[in-house]
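Heads up: the structure comes next, in structure tokens.
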Number of protein chains: 2
Amino acid sequence: MFNFAALKTNMKKDVSTEQKIKDAARKVFMTKGFSGCTTREIAKSVGINVALLNYYFRSKGKLFELILEAALSDFIESMVDVFQQDLPLEDKTRMLIDKEFEFLRKHPELPLFIHAGLNQESDAELDQSKFLGRLHKTGIFEECEKAQAQGHMRKVNMINVTLLFMSNCHFPIMSKKLICGIYQIDDNEHEARLNEHKEIVKEMLINYLFPNTNKHA
Amino acid sequence: MFNFAALKTNMKKDVSTEQKIKDAARKVFMTKGFSGCTTREIAKSVGINVALLNYYFRSKGKLFELILEAALSDFIESMVDVFQQDLPLEDKTRMLIDKEFEFLRKHPELPLFIHAGLNQESDAELDQSKFLGRLHKTGIFEECEKAQAQGHMRKVNMINVTLLFMSNCHFPIMSKKLICGIYQIDDNEHEARLNEHKEIVKEMLINYLFPNTNKHA
DNA sequence: ACTTATTTTAAACAATTGTTTAAAATCGAT
DNA sequence: ATCGATTTTAAACAATTGTTTAAAATAAGT
């Protein structure tokens with residue numbers, strides 16, 4: 001008979017302990033950073049031994065790398081979803097901003113975690129090159145270039161376009177502590193500002209990127 | 001004779017060891033974060049003993065708090081500088097963006113350090129209430145409210161205005177690693193994108209905030 | 001020169017860190 | 001029920017952590 005042992009055990013691990021460790025690690029790493037937490041802290045939150053964590057993943061660093069890469073992937077995928085829609089560019093723009101704010105409300109720690117994690121901790125170099133291909137496959141770049149050639153979209157480098165979107169969607173989420181601290185507002189007021197900001201960003205970016213087709217006043 | 005001992009020794013400490021520790025701590029904390037570095041690392045970079053660090057500052061946490069507060073103050077002051085100028089609001093807007101990009105090119109680690117530091121590390125609550133007063137004293141809020149009442153400036157909550165400026169100035173700097181990683185560009189290309197972005201942001205924000213007085217095309 | 005206060009150091013502290021080793025428990029298949 | 005592999009644990013590891021203590025060096029005042 002064929003040896004299905006490895007396959008079976010793999011299937012079992014996936015839904016069980018290994019995934020539970022990943023989930024716990026994600027939560028802890030997200031809120032405390034790589035060097036801000038201990039492997040024992042993660043293990044305890046799963047209800048397992050520290051050694052078991054190193055049994056599944058080789059080290060704290062390896063586990064962190066895994067979580068960081070998954071976070072980055074989630075983040076890219078949240079954009080890809082929109083690019084794949086069959087909609088005119090301006091509708092995609094509005095939808096991207098809506099979805100981005102919606103996605104980030106569910107994962108508010110993600111942007112800061114990615115940027116902080118990318119900058120220092122876990123010395124291991126993360127391969128980000130795959131993500132560019134992921135974005136390219138959606139055809140969004142060609143779509144923009146065509147719109148720019150037709151004079152429908154303002155001629156702006158795609159990196160700058162990316163910066164415009166990310167800046168205005170991610171930063172408002174990342175800066176919650178700072179904004180609440182400086183302006184002495186509570187979570188409710190901040191939430192209200194955020195909702196208003198979404199509409200502001202939508203109008204501002206549409207007006208800037210598609211000046212001819214979208215004139216107001 | 002009066003006792004000038006305390007005054008004298010204070011003056012000597014300021015230019016000497018105490019300040020050297022602060023400078024070194026700032027550099028190390030900025031690049032590695034609170035839990036990403038050790039007191040011994042800071043002490044070694046100054047060329048002193050670990051105990052001396054605790055002699056001047058009571059603990060690692062106290063020292064970090066000091067550095068974080070100073071960083072936040074620098075950051076606020078970079079804005080205050082512009083608000084105090086005697087210029088029309090639109091010129092202040094352009095100047096603010098120029099100065100902000102200039103300031104952040106000199107201290108590119110500052111925004112990420114502030115946001116990461118504010119979010120987790122150094123449990124001690126930082127009093128940010130003073131900064132609101134610092135901004136109020138420049139009269140910028142009244143100036144904006146007046147311009148809004150006159151229909152010269154778009155009616156947008158000042159917190160949202162703050163978010164617009166900070167998002168578009170700070171995020172491009174903070175996201176260097178991510179942008180370079182995803183788009184596979186080097187420091188030179190990133191620098192070029194940043195320079196172009198400054199002009200983009202200037203035009204976009206001016207157009208959005210002062211739609212009546214600044215029409216293009 | 002002597003005394004006193006300030007600055008600096010070396011050494012030790014208990015606690016915690018990531019990781020490993022070896023033994024126990026669990027499970028699936030015969 | 002038994003065997004073999006997989007999963008889990010308890011214990012120990014050496015290294016590092018922030019902090020403290022007590023003694024030494026330096027500076028200042030008289």
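Every chain is numbered from 1, with letters handed out A, B, ... down the list of sequences.
A salt bridge is absent between A/Lys198 and A/Glu100: the closest approach of a Lys/Arg side-chain nitrogen to an acidic carboxylate oxygen does not fall below 4.0 angstrom.
Atom CZ of A/Phe57 is separated from atom P of D/dT7 by 12 Å (rounded to the nearest Å).
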Next item on the list: Summarise protein proximity over nucleotides 9-22 of chain D in one line of letters, 5' to 3': B for base, S for sugar-phosphate only, - for none, counting protein heavy atoms closer than 4.0 Å.
Entry: BB-B----BBBBB-
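A donor and an acceptor atom, one from each side chain of A/Arg105 and A/Asn195, are located under 3.5 Å apart.
A cation-pi arrangement is found for A/Lys60 relative to A/Phe34, the charged atom lying closer than 6.0 Å to the ring centre and inside a 45° cone about the ring normal.
For residues 41-50 of chain A, the pairs satisfying side-chain hydrogen bond (donor to acceptor under 3.5 Å, both in side chains) are A/Lys32-A/Glu41, with sequence neighbours left out.
Of the listed residues (A/Leu194, A/Leu104, A/Ile200, A/Ile179), just one forms a side chain to side chain contact (heavy atoms under 4.5 Å, CB included) with A/Pro172, and that residue is A/Leu194.
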